[in-house]
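As a basis for the values below, the full set of heavy atoms in this structure was taken, side chains included, without hydrogen atoms, waters or symmetry mates. Throughout, residue positions are numbered sequentially from 1 according to the sequence presented.
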Amino acid sequence: MHWLTLPEPRKNIALAFHDLASAKTWLASQPQAQPMHMLAAISLQIEAIEASTLAPTLAVELLNLLRTASVPGQETIEPRYVRKALPMLDDDQRAFDVAQRLWLRLGTSYLRLAPHFAPAEKGKLLHRAACAIRMAEYCHFLAARECPALLDQILFAILDQAERDGLLRHSLPDPDFPHLVDTTIAGHLAWAFMLRLIDPYRLSAAQLAVANRALSRWRELAGFQTMPDDDPRGHSVDLGPLFGATLPEGIPRWLEVPRVTRKINQRIAALKEGESPEALKLGRELSPAACIRLLRDIEASLESHGQHRSTEIGEIELAFGAEYAYAAFTGEMIVPSGSLDASSASLAHQRTAMFGFDRVSTMPTAVKKLNVPGENWLLVDGKAIRPADRKGARRQSPCLIASASLGNPRLGVMVGLQSIPGGALAADLQWYDERIEAGRLARPAAPGQTNAVVPVFLLHDGDDCSLIVPSMAGIRLDTGVTLEGASVSHLMPTEVLERGVDFVRYAITKQ
């Protein structure tokens with residue numbers, strides 16, 4: 001492991017105990033009802049142990065004690081940083097920092113101590129190091145924070161050591177995570193690498209929970225090899241690109257996943273036959289149809305193990321949300337319910353001030369431009385970047401966006417939003433290829449009130465059609481919907497095709 005430099009622990013942290021008994025006394029004195037404070041204190045003591053000259057056996061015993069004490073607190077603070085709007089608020093940021101730092105320091109501490117032990121004991125330390133670094137990466141995925149290359153490199157270092165000592169497949173129980181039953185070093189590493197390969201940032205919080213749960217169950221089905229499988233029925237994924245540099249010689253760089261993809265296909269078949277996601281151990285976060293789409297996406301990611309990203313560069317103006325997207329397509333700003341009637345003189349003046357015309361969309365020679373409030377992002381190799389010095393609202397993904405291309409509006413979704421070093425935001429932009437038609441939900445107004453305008457978008461793909469509505473539109477499956485201002489006036493949503501933080505896309509039948 002001479003090729004990896006682990007982050008050094010600080011040397012100025014005083015160790016608060018000297019043996020197991022005093023460590024237990026110290027733990028009992030910590031604020032149990034304040035998990036953030038307790039975890040921060042535990043993290044400091046883990047770092048102090050890592051920097052100390054304690055006997056390796058005692059150091060491991062103390063680390064194990066602190067690990068057991070920290071797991072409940074980690075579960076408690078996790079919701080504070082899961083897919084919050086970015087940039088995160090300070091309190092959410094602190095929760096993430098505490099969580100990921102604790103797992104990182106646990107992982108490096110176990111890894112530093114491993115060479116002091118014979119293979120029988122060394123395997124347990126590498127096992128716990130693999131678990132800790134996997135959890136540190138998962139914290140980044142949950143918080144939509146860019147995962148540093150160092151974490152992947154530490155996983156490769158654990159893989160290297162375990163492979164050299166023949167410890168990859170030694171199965172061990174883990175009392176701190178009893179739901180996992182027995183696990184192996186290879187299982188933890190395969191779980192971490194597979195989650196990395198499917199680009200977890202583009203998943204919603206619910207999708208990420210289901211994907212993580214599924215891959216945890218199939219972790220032992222993947223295998224590591226130094227050469228790709230030449231069996232035509234096999235499938236080898238090259239892990240080398242995850243290392244971020246040239247992978248050192250001798251490390252197994254090929255992950256075999258055919259048994260995992262078979263499990264995925266079995267789950268898809270069972271869901272189609274009527275089994276519930278919960279019965280298949282996939283949880284209750286997603287509907288059967290949504291689970292099928294997610295599983296197919298996971299399989300496709302493992303099969304292709306590479307992203308096909310746009311190569312656009314330059315600057316792009318983005319409008320966020322259905323209301324501004326509607327204005328980009330029609331030239332009409334939607335006014336919140338109860339403020340201005342759609343035909344009022346005041347609104348006509350507002351349109352004229354914004355677009356230069358009243359009802360731009362009705363003018364036959366009008367050129368559609370993105371004349372709505374938006375944000376300017378940079379495109380770097382197709383990746384959208386909002387530099388830290390550019391002001392903008394806090395954002396979550398997947399979210400609905402609009403922009404203009406060659407003078408024409410286009411509709412899309414921002415996916416994979418994450419914070420990157422320096423405080424900038426980065427995301428992928430996915431544009432709909434279908435012909436887009438903007439319209440409105442037709443709903444009767446309550447007595448004495450002005451009807452609220454709800455924008456919708458029809459996506460035409462030949463004879464097929466789908467519908468995008470704001471997530472708060474209140475549309476239900478198998479219930480008829482009437483539209484205004486669109487070529488299709490009556491339709492029925494039959495299936496949820498896509499769900500974002502602010503929109504839902506439905507398959508429809510025309511009526």
Trainee: At what distance, to the nearest 0.5 angstrom, does OH of Tyr432 lie from CG of Leu411?
Mentor: 6.5 Å
Trainee: Is the closest basic N to carboxylate O distance between Arg202 and Asp297 below 4.0 Å?
Mentor: yes
Trainee: Judged by modelled atom types alone, do Glu375 and Trp377 share a side-chain donor-acceptor pair under 3.5 Å?
Mentor: yes
Trainee: Nearest 0.5 Å, please: how far is OG in Ser109 from CG in Leu104?
Mentor: 9.0 Å
Trainee: Do Asn64 and Arg128 touch side chain to side chain, with heavy atoms closer than 4.5 Å?
Mentor: yes
Trainee: Between Arg219 and Ser216 (side chain of the first, backbone of the second, donor and acceptor by atom type, cut-off under 3.5 Å), is there such a pair?
Mentor: yes
Trainee: When you measure from the side chain of Gln225 to the backbone of Leu255, do you find a donor-acceptor pair of N or O atoms at a distance under 3.5 Å?
Mentor: no
Trainee: With sequence neighbours excluded, tell me which residues meet ring pair (Phe, Tyr, Trp, His ring centres under 6.0 Å) with His140.
Mentor: Phe96
Trainee: Evaluate the ring planes of Trp191 and His188, with Trp represented by its six-membered ring, and classify them as parallel (under 30°), tilted (30 to 60°) or perpendicular (over 60°).
Mentor: parallel
Trainee: Any idea which heavy atoms bring Ala424 and Pro387 closest together, and the distance?
Mentor: CB-CA, 4.0 Å
Trainee: Ignoring hydrogens and angles, write down the donor-acceptor pairs under 3.5 Å from the side chains of residues 275-287, residues two or more places apart or on other chains.
Mentor:
residue, atom, partner, partner atom, Å
Ser276, OG, Ala279, N, 3.0
Glu285, OE1, Arg213, NH1, 3.1
Glu285, OE2, Arg213, NH2, 2.8
Ser287, OG, Ala290, N, 3.1

Trainee: Quick check: do Leu379 and Ile385 have side-chain heavy atoms less than 4.5 Å from each other?
Mentor: no
Trainee: Under the ring pair (Phe, Tyr, Trp, His ring centres under 6.0 Å) rule, collect the residues that match up with Phe156, sequence neighbours excluded.
Mentor: Phe193, Phe243
Trainee: Rounded to the nearest 0.5 Å, what's the gap from CG on Leu295 to NZ on Lys263? Could you check?
Mentor: 12.5 Å
Trainee: Examine distances only and state if a side-chain atom of Glu146 and a backbone atom of Gln418 form a donor-acceptor pair shorter than 3.5 Å.
Mentor: no
Trainee: Can you list everything that forms a salt bridge (charged side-chain N to carboxylate O under 4.0 Å, His left out) with Glu220? Sequence neighbours excluded, please.
Mentor: Arg169
Trainee: Any side-chain heavy atom of Val504 within less than 4.5 Å of one from Glu498?
Mentor: no
Trainee: Quick one: pull up CG in Leu106 and CG in Leu66 and give me the separation to the nearest 0.5 Å.
Mentor: 7.5 Å
Trainee: Counting N and O atoms only, with roles assigned by atom type, does the side chain of Asp238 sit under 3.5 Å from a partner on the main chain of Gly240, one being a donor and the other an acceptor?
Mentor: yes
Trainee: Is any side-chain heavy atom of Thr183 closer than 4.5 Å to a side-chain heavy atom of Phe177?
Mentor: no
Trainee: Given Arg112 and Leu6, is the side chain to side chain contact (heavy atoms under 4.5 Å, CB included) satisfied, shown in steps?
Mentor: CA-CA 9 Å; Arg112 285 187 199 279; Leu6 293 173; 3.6 Å; yes
Trainee: To the nearest 0.5 Å, what is the distance between SG on Cys147 and CD1 on Ile420?
Mentor: 14.0 Å
Trainee: Between Arg94 and Asp90, does a salt bridge (Lys or Arg N to Asp or Glu O under 4.0 Å) hold up when you go through it step by step?
Mentor: CA-CA 6 Å; Arg94 278 192 289 272; Asp90 289 345; 5.0 Å; no
Trainee: More than 12 non-hydrogen atoms from neighbouring residues, nucleotides or ligands closer than 6.0 Å to CG on Asp433, yes or no?
Mentor: no
Trainee: Can you tell me if CZ on Arg499 sees more than 12 non-hydrogen neighbours from other groups inside 6.0 Å?
Mentor: no
Trainee: Without swapping roles, check the side chain of Ser403 against the backbone of Glu317 for a donor-acceptor pair under 3.5 Å.
Mentor: yes
Trainee: My understanding is that only residues two or more places apart in sequence, or in another chain, count here; which of them pass ring pair (Phe, Tyr, Trp, His ring centres under 6.0 Å) with Tyr201?
Mentor: Phe141
Trainee: Run the salt bridge (charged side-chain N to carboxylate O under 4.0 Å, His left out) test against Arg67 and tell me which residues pass, sequence neighbours left out.
Mentor: Asp174, Asp176
Trainee: Indicate yes or no for a side-chain donor-acceptor contact from Arg80 to the backbone of Thr76 under 3.5 Å, with no hydrogens or angles considered.
Mentor: no
Trainee: Checking Val496 against Arg293 for the side chain to side chain contact (heavy atoms under 4.5 Å, CB included) test, could you report, in this order, the C-alpha distance in whole Å, the side-chain angles of both residues, the deciding distance, and whether it holds?
Mentor: CA-CA 10 Å; Val496 175; Arg293 288 193 296 274; 4.2 Å; yes
Trainee: Looking at Ile46, Leu44, Ile49, Ile42, which hits side-chain contact (heavy atoms from CB on, under 4.5 Å) with Arg105?
Mentor: Ile46
Trainee: What's the spacing between Glu256 CD and His235 NE2 if we round to 0.5 Å?
Mentor: 8.5 Å
Trainee: Begin from the C-alpha positions of Arg262 and Glu299 and carry the test salt bridge (Lys or Arg N to Asp or Glu O under 4.0 Å) through to its verdict.
Mentor: CA-CA 9 Å; Arg262 276 200 296 273; Glu299 182 180 21; over 6 Å; no
Trainee: Are the side chain of Arg394 and the backbone of Ala85 linked by a donor-acceptor contact shorter than 3.5 Å?
Mentor: yes
Trainee: Does any N or O in the side chain of Arg505 come within less than 3.5 Å of the main-chain N or O of Ile468, such that one atom is a donor and the other an acceptor?
Mentor: no
Trainee: Check whether Phe320 forms a cation-pi arrangement with Arg395 (NZ or CZ under 6.0 Å from the six-membered ring centre, at most 45° off the ring normal).
Mentor: yes
Trainee: Between Thr184 and His127, is any side-chain donor less than 3.5 angstrom from a side-chain acceptor?
Mentor: no
Trainee: Output, in order, the C-alpha distance, side-chain angles, deciding distance and verdict of side chain to side chain contact (heavy atoms under 4.5 Å, CB included) for Val413 and Val415.
Mentor: CA-CA 6 Å; Val413 179; Val415 299; 3.7 Å; yes
Trainee: Do Arg410 and Ile436 make a side-chain contact, defined as non-hydrogen atoms from C-beta onward lying under 4.5 Å apart?
Mentor: no
Trainee: Below 4.5 Å, heavy atoms only, C-beta onward: do Leu126 and Tyr110 meet side chain to side chain?
Mentor: no
Trainee: Check step by step if side chain to side chain contact (heavy atoms under 4.5 Å, CB included) holds for Arg101 and Glu47.
Mentor: CA-CA 10 Å; Arg101 183 170 183 80; Glu47 200 167 356; 3.1 Å; yes
Trainee: When you measure from the side chain of Gln396 to the backbone of Arg83, do you find a donor-acceptor pair of N or O atoms at a distance under 3.5 Å?
Mentor: yes
Trainee: Side chains of Val181 and Pro173: does their closest heavy-atom pair fall under 4.5 Å?
Mentor: no
Trainee: Take atom NE2 in His460; do more than 12 heavy atoms of anything else shown fall under 6.0 Å from it?
Mentor: yes
Trainee: Looking at Arg390 and Glu315, is there a salt bridge between them, counting it only when a charged N and a carboxylate O are closer than 4.0 Å?
Mentor: yes
Trainee: Without hydrogens or angle criteria, can the side chains of Gln93 and Asp97 be said to hold a donor-acceptor pair below 3.5 Å?
Mentor: yes
Trainee: Does Arg196 pair with Asp152 as a salt bridge, N-O distance under 4.0 Å?
Mentor: yes
Trainee: Quick check: does any side chain N or O of Gln32 sit under 3.5 Å from a backbone N or O of Leu27, one acting as donor and the other as acceptor?
Mentor: yes
Trainee: Does a side-chain heavy-atom distance below 4.5 Å link Ile316 with Asn376?
Mentor: no
